[in-house]
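Nothing here was measured: the structure is a model prediction, and the numbers come from that model. Values reported hereafter were calculated over all heavy atoms of this structure, with side chains retained and with hydrogens, waters and symmetry mates removed.
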Amino acid sequence: MSETITYAVPAIHCAHCAMSIREEVSEVEGVEDVDVDLDTKLVTVQGASVDDAAVRAAIREAGYEAA
């Protein structure tokens with residue numbers, strides 16, 4: 001069953017930020033889609049049985065912190 005989780009990432013500000021986060025989070029097991037909205041500074045993740053800690057770790061790996 002697919003679920004949607006949204007993370008606030010206040011430090012994102014450019015297309016490079018968005019690409020870095022998208023690449024890292026896309027590799028997390030169960031993630032089907034990642035959307036990074038620069039205007040709202042939100043990262044929306046869709047997938048099945050997505051591990052919250054793994055997504056947060058992937059965002060950290062990209063150089064950002066999820067609030």
Using the rule that two of Ile, Leu, Val, Met, Phe, Trp, Tyr join whenever any of their side-chain heavy atoms come within less than 4.5 Å, decide whether Val25 and Ile5 are in one cluster.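 In one cluster: yes.
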Quick one: closest heavy-atom pair of Lys41 and Ile12, and the distance?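 Scanning both residues completely, I find the closest heavy atoms to be NZ-O, 2.6 Å.
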Is the shortest side-chain heavy-atom distance between Val50 and Val55 below 4.5 Å?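 Side chain of Val50 against side chain of Val55, heavy atoms only: contact under 4.5 Å found.
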A side-chain contact here means heavy atoms from C-beta on lying under 4.5 Å apart; do Glu3 and Gln46 qualify?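 Answer no - side chains too far apart.
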Identify every side-chain donor-acceptor pair in residues 13-20 under 3.5 Å, counting partners at least two apart or on other chains, and give the distances.
{"unit_1": "His13", "atom_1": "ND1", "unit_2": "Ala11", "atom_2": "O", "d": "3.2"}
{"unit_1": "Ser20", "atom_1": "OG", "unit_2": "His16", "atom_2": "O", "d": "3.1"}

What residues, two or more places apart in sequence or in another chain, satisfy salt bridge (charged side-chain N to carboxylate O under 4.0 Å, His left out) together with Arg56?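 So Arg56 forms a salt bridge (charged side-chain N to carboxylate O under 4.0 Å, His left out) with Asp52.
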Summary of side-chain hydrogen bond (donor to acceptor under 3.5 Å, both in side chains) pairs that have at least one residue in residues 22-36, sequence neighbours excluded: Ser2-Glu32
